[in-house]
Amino acid sequence: MAESGMDKEYFSLRELFISEALEPMNRFLRMEASSSILLLLGAAFALIWANSYFAEAYTALWHTEFALHLGHSSFGMNLLEWINEGLMAFFFLLIGLEIKREILVGELSSLKAALLPVIGAFGGMVVPGLVYSLFNWGTPQMSGWAIPMATDVAFALGALALLGRGLPSGLRIFLAAFAIADDIGGVLIIAFFYTGELSLTYLALSGGVALLMALAGLLRFRSLFLFGGLGIILWVCVFYSGVHSTIAGVVVALLIPARGRYGYEYFYKKVNSILDHCKDPNVDACYWFSMLMDKDYLDTAHRLRMASTEVEPPFQRLEHAIHPWVAFVILPLFALANAGVILQGASLGEALANPVTLGIILGLFVGKPIGVFLACQLAVRLGVASLPEGVNWTQVAAVALLGGIGFTVSLFISGLAFVQADLLNFAKLGVLMGSAIAGVLGAVFLKLSTGRGRSKAQLQE
């Protein structure tokens with residue numbers, strides 16, 4: 001039966017709405033896919049460099065000291081610390097912004113939608129920690145228990161974007177929500193379990209700066225320069241407080257306003273008012289330099305830009321500004337600086353047999369997927385949550401395996417857990433190998449699930 005014009009208009013509007021709603025997620029996936037390739041190249045180059053003739057240069061580069069001097073005061077760290085303590089604060093700032101978006105308007109905004117990925121993330125943190133503990137219980141190496149708990153958002157979403165064509169959109173959203181929930185757990189673990197000796201003075205100062213940021217938001221300040229300046233002060237206070245300084249990035253993200261100065265209704269009226277008072281362009285004389293020659297055109301463009309800035313939420317402007325830098329500069333640089341596993345002093349067999357390496361490898365590609373999958377199964381069987389529309393259990397297993405790609409956050413926690421060079425190398429090797437195995441198995445499961453989905457569709461036709 002032929003569709004009426006009204007039905008066609010309804011379906012076209014619905015498709016447009018769905019497309020617009022998913023565009024931020026699609027854009028995010030595209031950027032993560034590109035970033036994951038650079039991450040892989042950075043890690044590969046680090047491995048080759050760290051075990052080559054120029055291995056000493058690799059170590060010396062990252063231990064080069066850089067200091068900022070202001071009068072008689074100075075603030076200095078080596079290059080590796082500047083990357084891990086300073087630049088990675090922007091990575092955690094981006095994670096905080098993504099967490100905030102998901103809680104406000106994303107898959108974590110409603111209890112029903114959030115339950116499955118949150119429960120899956122919880123299971124995916126508990127089981128890998130238990131697997132690692134089986135190999136290292138009662139030893140000093142137990143400090144690395146949280147290393148296999150993390151999921152690398154860039155690699156996991158990048159793999160899904162590259163290999164998951166034809167899969168339901170609900171699976172992509174589930175993985176993104178699961179990764180964000182996993183990030184929340186990772187941030188809490190770093191804050192509570194990987195903290196040095198606390199300074200109450202600097203903790204109080206950190207709280208004071210955070211209150212100033214919250215007050216600025218309540219008073220409708222929307223300048224990113226203001227929040228950026230306060231964020232730098234907060235980072236310094238957190239750095240000296242004993243809490244890991246990257247947590248400052250998450251705090252800043254949570255305190256940056258999620259509303260513009262004005263609502264959309266005001267914006268709509270403002271734009272119409274500006275355009276109404278703008279003279280029509282002279283088409284015959286509309287050259288590229290017309291904007292420079294006519295003050296009215298310049299004023300109109302400026303007023304439109306200001307109206308857009310006032311209505312756009314500051315946290316969205318910040319997210320758009322830092323995401324490319326984090327994806328294409330900070331994370332590849334982090335991989336280059338941290339993925340250089342030096343194995344010249346021990347054979348590969350000895351390294352793989354070490355309890356730290358074994359615990360991390362098995363925690364990532366065995367414990368992580370088992371924890372995620374079983375937790376999701378339990379939640380669905382108990383009726384607490386339901387699978388997204390069009391998603392089957394093979395696809396959930398594939399996503400659970402992709403969750404075993406720890407890489408960035410796992411390497412980050414490795415540096416917090418171990419000071420000894422040999423243990424840190426074993427931990428890095430475990431992260432790289434466990435993540436690689438989980439990624440390959442996840443890709444295989446994705447292909448299997450895609451093939452099954454197409455076969456069923458063909459049979460139905």
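Remember, predicted model here, so these are calculated numbers, not experimental data.
- In terms of the side-chain hydrogen bond (donor to acceptor under 3.5 Å, both in side chains) criterion, Thr64 has no residue partners (sequence neighbours excluded).
- Without hydrogens or angle criteria, Lys100 side chain to Leu254 main chain gives a donor-acceptor distance under 3.5 Å.
- When the side chain to side chain contact (heavy atoms under 4.5 Å, CB included) test is applied to Val238, the partners found at least two apart in sequence or on another chain are Ser206, Leu234, Ser241, Val243, Ala248.
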Please output the side-chain donor-acceptor pairs of residues 147-161 that fall under 3.5 Å, not counting sequence neighbours, one pair per line with the distance.
| from | atom 1 | to | atom 2 | distance (Å) |
| --- | --- | --- | --- | --- |
| Thr151 | OG1 | Lys368 | NZ | 3.4 |
| Thr151 | OG1 | Gly403 | O | 2.8 |
| Asp152 | OD1 | Ala154 | N | 3.1 |
| Asp152 | OD1 | Phe155 | N | 2.8 |
| Asp152 | OD2 | Thr408 | N | 2.8 |
| Asp152 | OD2 | Thr408 | OG1 | 2.3 |

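- Residue Ala89 comes nearest to Glu85 through the heavy atom pair CB-O, 4.0 Å, listed as atom of the first residue, atom of the second, then distance.
- Between the CZ atom in Phe193 and the CG atom in Leu416 there is a gap of 13.5 Å [rounded to 0.5 Å].
- When side chains are defined from C-beta on, Leu318 counts as touching Leu93, because their heavy atoms get closer than 4.5 Å.
- Considering only heavy atoms from C-beta on, Glu319 comes within 4.5 Å of Glu98 through its side chain.
- Sorted by first and then second residue, the ring-ring contact (aromatic ring centres under 6.0 Å, His included) pairs with a member in residues 355-374 read Phe373-Trp393; sequence neighbours excluded.
- With sequence neighbours excluded, the residues satisfying side-chain hydrogen bond (donor to acceptor under 3.5 Å, both in side chains) with Gln316 are Glu312.
- Within the structure, every pair that satisfies the side chain to side chain donor-acceptor pair (under 3.5 Å) test and touches residues 129-143, not counting sequence neighbours, is listed here: Thr139-Gln141.
- Taking the centre of each ring, Phe90 and Trp235 stay at or above the 6.0 Å mark.
- Taking the ring-ring contact (aromatic ring centres under 6.0 Å, His included) definition, one finds that Phe412 meets it with Phe92, His244, sequence neighbours left out.
- Residues passing the side-chain hydrogen bond (donor to acceptor under 3.5 Å, both in side chains) test with Asn338 are Asn84, sequence neighbours excluded.
- Residues satisfying the ring-ring contact (aromatic ring centres under 6.0 Å, His included) test with Phe45, not counting sequence neighbours, are Trp49.
- Separating the CD1 atom in Ile99 from the CG atom in Leu94 is a distance of 10.0 Å, to the nearest 0.5 Å.
- A donor-acceptor pair under 3.5 Å links the side-chain atoms of Arg222 to the main chain of Gly217, judged by distance alone.
- Residues in residues 195-222 take part in these ring-ring contact (aromatic ring centres under 6.0 Å, His included) pairs, two or more places apart or across chains: Tyr202-Tyr240.
- Scanning for side-chain hydrogen bond (donor to acceptor under 3.5 Å, both in side chains) contacts around Asn425 gives an empty result, with sequence neighbours left out.
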Show which side-chain atoms of residues 375-389 pair as donor or acceptor with protein atoms under 3.5 Å away, not counting sequence neighbours.
| from | atom 1 | to | atom 2 | distance (Å) |
| --- | --- | --- | --- | --- |
| Gln377 | OE1 | Arg381 | NE | 3.1 |

